[in-house]
Number of protein chains: 2
Amino acid sequence: MAPVAPASSLALPRAERVTLNGVAYDGLKRALLSGRLEPGAVITLRQLADELGTSMMPVREAVSRLAAEGALAVQPNRGIVVPALGDGDAADLWDLRIKLEGDASARAARRADTAGIERLRALCRAVETAAAAGDLHRVLACNSDFQFAVYQAAQSPVLLQLIETLRMRSVPHCTAAIRVLLADRPPYYARSWVNHAALVEAIAAGDAPAARRLKQADLREFRDFVDSVRKQAS
Amino acid sequence: MAPVAPASSLALPRAERVTLNGVAYDGLKRALLSGRLEPGAVITLRQLADELGTSMMPVREAVSRLAAEGALAVQPNRGIVVPALGDGDAADLWDLRIKLEGDASARAARRADTAGIERLRALCRAVETAAAAGDLHRVLACNSDFQFAVYQAAQSPVLLQLIETLRMRSVPHCTAAIRVLLADRPPYYARSWVNHAALVEAIAAGDAPAARRLKQADLREFRDFVDSVRKQAS
DNA sequence: TATAGTTAGCTGTGATCACAGATGTCAACG
DNA sequence: CGTTGACATCTGTGATCACAGCTAACTATA
């Protein structure tokens, strides 16, 4: 027993050690989720290791982890590649994303606390101001943050992890369409930002069915846009 | 160009190289899915490496992969542990399992081919004969094979992978209850096998809603059994 | 005897080296 | 000129070694 009472119990946050392995994993994960890696892009363990300034070892484990989740594919003696999705896999991914991200939105409406809702409102405003300024790159970044904030508000780590896994596989499949979005600025997509505001209000009001419906409609619209761009390109 | 036509195109199955890394991964995965590893069990990289007769390296990557999926947890200098689920995570896992495994069952009813249905019937009979013989260990093994055969019949690799991930985290949480099942043989669980037959018939008939309903009822029953055993133990 | 300080033995993490296999280049041969 | 062969190069895979950190047992002290 300590002779004195623990100094206000301190509540120190676990002091989690940073590991190069984890740094490499997070970096690759962010690159995938933000659309910086396109399907077919080949990368190399040694190249990534040089980029991080470490040896090949931490990168290996990070790549192995991503490969286990299907986000990357290692080809025995030919490098690491971001897998291109077949039509079947792409459809499956969209179906599951629509289902699970809809679930997460509905769940957020049921379980979000006031801090989470405030955070959502702030991120929603950030998206709107970026859109007003015409900075589409920042719109996309804030938009991604906003969406994950919704899923975090659902307070289900398991569900959040599944959504991240699905997105890591799905986002590269959408990069070509996003590039078209940045270049041509089709008029339809401006509506998406007002959809976000409606989603936030549904969550704040605790209206789970509306939150699910709004998120799923948004996702289906985006899916159709991606598919139309891909069809046009082929 | 080859001087002769490719001999009936061969369709060689990619000649996939076996890698010690993959062997270790599959072994650990099977151990988790079959319930041979319980929460709190600590294992060691060197111990696993000795068991496989290899160096520590392949085991490291396999463990990293499982850790990325949440099936194992590495503690910096204290070994690898099968994580014990908190109440919240356990409830989340059950909800997602009920949802996704129900989806997969419904999808199997829609997309199963005759070969898949025949395989399901055979595995269902295998469960019944094992149950008639009183060999509960074999019942559990055949039961697991049967369930995964259903999910494979859904013909969605993405969905199958998600279900495997969820199960790897969920099964260790159920081992204590399964041990009770093997020892006490409570009467209720005999009904589960006839439920299986009904599920197969629903799939064969293409009745997706019925397939979903049967699978979800089965899972909820099992969840309640596991929870009752855990509550009784504490 | 009880407690604090120390040390020895584990652990995972990271680096470095060695190796088999696939690829693409280039020269020699038809 | 077209084809085939060998070779240099680069890939991931696996092994071995070195190291920092945490545990737990042990010892010396009050």
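Naming convention: chains lettered A, B, ... in sequence-line order (proteins, then strands); numbering from 1 in each chain. Nothing here was measured: the structure is a model prediction, and the numbers come from that model. Below, all heavy atoms of this structure are taken into account, side chains as well, without hydrogens, waters or symmetry copies.
A:R65 meets the salt bridge (Lys or Arg N to Asp or Glu O under 4.0 Å) test with no other residue; sequence neighbours excluded. Judged as a ring pair (Phe, Tyr, Trp, His ring centres under 6.0 Å), and not counting sequence neighbours, the contacts of B:F146 are B:H196.
One atom, CE of B:M56, and another, P of D:dC19, lie 15 Å apart when rounded to the nearest Å. The CG-P distance, from A:N21 to C:dG12, rounds to 14 Å in whole Å. In this structure, A:Q75 places its CD atom 11 Å from P of D:dT13, rounding to the nearest Å. Atom P of nucleotide C:dA15 and atom CG of A:L52 are separated by 10 Å, given to the nearest angstrom.
Between A:R223 and A:R97 the shortest side-chain heavy-atom distance does not fall below 4.5 Å. Considering only heavy atoms from C-beta on, A:S64 comes within 4.5 Å of B:N21 through its side chain. A:L166 is listed as a side-chain neighbour of B:L162, based on a closest heavy-atom distance under 4.5 Å. Counting only heavy atoms from C-beta outward, the side chains of A:L181 and A:L136 never approach each other to under 4.5 Å.
Ionic pairing of A:E38 and A:R179 is present here: one or more N-O contacts between side-chain nitrogen and carboxylate oxygen are shorter than 4.0 angstrom.
Using modelled atom types, one finds no donor on one side chain facing an acceptor on the other under 3.5 Å when comparing A:R46 with A:T44.
Residues from residues 57-68 of chain A placing a heavy atom under 4.0 Å of any atom in DNA chain C, listed by number, are A:M57, A:P58. Taking a 4.0 Å limit (strictly below) on heavy-atom distances, residues 39-51 of chain A reaches DNA chain D at A:I43, A:T44, A:L45, A:R46.
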Expected rows: protein N/O vs nucleotides 20-24 of chain C N/O, under 3.5 Å:
from: C:dG21; atom 1: O4'; to: A:N77; atom 2: ND2; distance (Å): 3.3

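Closest to the side chain of A:L20, from the set C:dT13, D:dG14, C:dG14, is C:dG14.
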* To do: Step by step, work out the side chain to side chain contact (heavy atoms under 4.5 Å, CB included) result for B:D218 and B:Q147.
  => CA-CA 11 Å; B:D218 195 17; B:Q147 298 189 52; 5.7 Å; no
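When all heavy atoms of A:P172 and A:L32 are compared, the closest pair comes out as CG-CD2, 4.0 Å.
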Quick one: side chains of residues 108-116 of chain B, donor-acceptor pairs under 3.5 Å with protein atoms, not counting sequence neighbours, listed by atom name and distance.
from: B:D113; atom 1: OD1; to: B:G116; atom 2: N; distance (Å): 2.9

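Side-chain nitrogen and oxygen atoms of B:T19 include at least one within less than 4.0 Å of the OP1 or OP2 phosphate oxygen of D:dG14.
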